[in-house]
Number of protein chains: 2
Amino acid sequence: MSLRHALLGLLAAGPASGYDLLKIFNVSLANVWPATQSQVYAELGRLADAGLVEVVAEGPRGRKEYAIADTGRAELRHWLTEVAPTRSGRSDTLLRVFFLGQVEPGQARAYLRRLAETAAGAERDLAALSDAVSAEEDDLAFYGRLALEWGLRFNAMQREWADWAERRIEEREAVARRP
Amino acid sequence: MSLRHALLGLLAAGPASGYDLLKIFNVSLANVWPATQSQVYAELGRLADAGLVEVVAEGPRGRKEYAIADTGRAELRHWLTEVAPTRSGRSDTLLRVFFLGQVEPGQARAYLRRLAETAAGAERDLAALSDAVSAEEDDLAFYGRLALEWGLRFNAMQREWADWAERRIEEREAVARRP
DNA sequence: TCTCGACCTGTCTAAATAGGAATGTCAGGA
DNA sequence: TCCTGACATTCCTATTTAGACAGGTCGAGA
């Protein structure tokens, strides 16, 4: 349940409302930890009940501004330094690869080619984002850029792998055609 | 809901029981699509109800052997060729990176170093597995090896990135120390 | 004035995931 | 003979996620 820690992490940078946080989830964190409205508002309520965050202001339109409490900051630090990351790795993209033997080799290659193209597109998008992001040197921006670089390298890796895998299938087809 | 398709994909290679399939989920697919007992048995029941798989034998100890039906095979092919992969990407490892500004730079570097070591360990394990896997040329083994290569490249990428990120933090610290 | 879009919070259900408990058969070794 | 471990299924609860739905304020512009 890292949604809790994602909220604490964002609030550590300054007070915000559920709506504010939601926008961050849909933009900066969309590729790292997506979250929906219902999740964010519900979890903020639970965090407030648990005393990890506090409502510091109520705006005119019902807006509630939350700030991280000391206990919340302690919990965040604990998670950052002492809780072992889970290597979940659930990927339907990769799952499909296992079963590509069920379709024609041509279709398998087409799947990998689409994968390579998708990765190339994502790479271009991230590169554009990387240029667009201002060079402010606050912590969130600095570490956000490290994560962005991860995305660039991940997509490059995926693109190269898909190309390589496609060639492997071609070779295998060529061998199979021989008597 | 790709658990369904994972089961269809495995059954496409031949009939099997829930217990057999479970072992595969815990070994070959553990890093791609983990699944628990309760999920596998429940989903097999639903697949049978939907007519995508059939019970072809009942063993002495209550063992039920399932085989894929034609409709199941069609559904599998449809998923492989026509359903767009979801790029979910939910990673608590990467989420932490965003918030590393909340702890001392030394702790942030330590986190990245642990990450690099974990990746290096996974790389070694996969390389050993790659050597151990027999060179049989059935489809599942061939495409499984492609997925294994993906894992090798992913871990190499992560290791290199973590090293790079650690150096970036060092540089930033050095700059901050200057007056 | 009226409407539209941005703002803002909340509830509801369904599904997927995690993990364990209960139950039982059967083969092989101490 | 008794115990252990592999085999094998089913049921259970709790949490997380996905996606709608419903409600409300306010400012700007047609």
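Chain naming here is simple, since letters A, B, ... match the order of the sequence lines and numbering starts at 1 in each.
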A.B. asks: Can you tell me if B:Arg159 uses its side chain to pair, donor with acceptor, with the backbone of B:Glu117 under 3.5 Å?
C.D. replies: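 No, B:Arg159 side chain to B:Glu117 backbone: no donor-acceptor pair under 3.5 Å.
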A.B. asks: Walk along nucleotides 20-26 of chain D from 5' to 3' and tag each nucleotide B, S or - by protein heavy-atom contact under 4.0 Å, base first, then sugar-phosphate.
C.D. replies: BB---BS
A.B. asks: What residues form a salt bridge (Lys or Arg N to Asp or Glu O under 4.0 Å) with B:Glu43, not counting sequence neighbours?
C.D. replies: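 So B:Glu43 forms a salt bridge (Lys or Arg N to Asp or Glu O under 4.0 Å) with B:Arg4, B:Arg46.
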A.B. asks: Tell me, please, the opening and closing nucleotides of DNA chain C, 5' to 3', among those with an atom under 4.0 angstrom from a non-hydrogen atom of chain A.
C.D. replies: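 Footprint of chain A along DNA chain C, 5' to 3': C:dC7 to C:dA18.
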A.B. asks: Expressed in angstrom and rounded to an integer, what is the separation of A:Arg4 atom CZ from D:dT16 atom C1'?
C.D. replies: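 Rounding to the nearest Å, CZ of A:Arg4 and C1' of D:dT16 are 13 Å apart.
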A.B. asks: Under 6.0 Å from the six-membered ring centre of B:Tyr111 and within 45° of its axis: does the NZ or CZ of B:Arg96 meet both?
C.D. replies: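 No, a cation-pi geometry is absent between B:Arg96 and B:Tyr111.
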A.B. asks: Do any side-chain atoms of residues 146-156 of chain A form donor-acceptor pairs under 3.5 angstrom with protein atoms, and if so which ones, sequence neighbours left out?
C.D. replies:
unit_1: A:Glu149; atom_1: OE2; unit_2: A:Arg153; atom_2: NE; d: 2.8
unit_1: A:Asn155; atom_1: ND2; unit_2: A:Gly151; atom_2: O; d: 2.9

A.B. asks: From CG of A:Asn26 over to P of D:dA18, roughly how many Å is that when rounded to an integer?
C.D. replies: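 After rounding, the gap between these two atoms is 12 Å.
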A.B. asks: Mind jotting down which residue pairs meet the ring-ring contact (aromatic ring centres under 6.0 Å, His included) criterion with at least one end in residues 8-44 of chain A? Sequence neighbours excluded, please.
C.D. replies: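 The answer is none; no pair qualifies.
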A.B. asks: Taking only heavy atoms on the protein side, list every residue of residues 39-56 of chain A lying under 4.0 Å from any atom of DNA chain C, sorted numerically.
C.D. replies: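 By residue number: A:Tyr41.
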A.B. asks: By salt bridge (Lys or Arg N to Asp or Glu O under 4.0 Å), which residues pair with A:Asp20, not counting sequence neighbours?
C.D. replies: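 Salt bridge (Lys or Arg N to Asp or Glu O under 4.0 Å) list for A:Asp20, sorted by chain: A:Arg63.
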A.B. asks: Would you call B:Arg167 and B:Asp163 a salt bridge, taking side-chain N to carboxylate O under 4.0 Å as the test?
C.D. replies: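 No salt bridge links B:Arg167 with B:Asp163.
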A.B. asks: Using the test side-chain hydrogen bond (donor to acceptor under 3.5 Å, both in side chains), find all partners of A:Thr36 that sit at least two apart in sequence or belong to another chain.
C.D. replies: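 A:Thr36 satisfies side-chain hydrogen bond (donor to acceptor under 3.5 Å, both in side chains) with A:Ser38, A:Gln39 once adjacent residues are dropped.
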A.B. asks: B:Ile24 has an atom CD1; how far is it from atom C1' of D:dA8, in whole Å?
C.D. replies: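 The answer, rounded to whole Å, is 15 Å.
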A.B. asks: Nearest whole Å is fine: how far is D:dA6 C1' from B:Lys23 NZ?
C.D. replies: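 Taking NZ of B:Lys23 and C1' of D:dA6, I get 9 Å after rounding.
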A.B. asks: Around A:Asp49, counting heavy atoms of other residues, nucleotides and ligands shown, do more than 12 lie under 6.0 Å from its CG?
C.D. replies: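 Enclosed.
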A.B. asks: Using side-chain hydrogen bond (donor to acceptor under 3.5 Å, both in side chains) as the criterion, list what pairs up with B:Arg113, not counting sequence neighbours.
C.D. replies: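 So B:Arg113 forms a side-chain hydrogen bond (donor to acceptor under 3.5 Å, both in side chains) with B:Glu166.
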A.B. asks: At a heavy-atom distance below 4.0 Å, what parts of residues 10-18 of chain A sit against DNA chain C?
C.D. replies: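 Correct list: A:Ser17, A:Gly18.
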A.B. asks: Residues two or more places apart in sequence or in another chain: which of them pass salt bridge (Lys or Arg N to Asp or Glu O under 4.0 Å) with A:Glu173?
C.D. replies: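 For A:Glu173 the salt bridge (Lys or Arg N to Asp or Glu O under 4.0 Å) partners, ignoring immediate neighbours, are A:Arg109.
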A.B. asks: Do B:Ile68 and B:Val83 sit in the same hydrophobic cluster, where Ile, Leu, Val, Met, Phe, Trp and Tyr count as joined when their side-chain heavy atoms come under 4.5 Å apart?
C.D. replies: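 Yes, because B:Ile68 and B:Val83 connect within a single hydrophobic cluster, where side-chain heavy atoms sit under 4.5 Å apart.
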A.B. asks: Can you list everything that forms a salt bridge (Lys or Arg N to Asp or Glu O under 4.0 Å) with A:Arg77? Sequence neighbours excluded, please.
C.D. replies: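 Checked A:Arg77 against salt bridge (Lys or Arg N to Asp or Glu O under 4.0 Å); zero matches.
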A.B. asks: Check whether any side-chain nitrogen or oxygen of A:Arg90 sits under 4.0 Å from OP1 or OP2 of D:dT16, and answer yes or no.
C.D. replies: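 For D:dT16, OP1/OP2 do not have a side-chain N/O of A:Arg90 under 4.0 Å.
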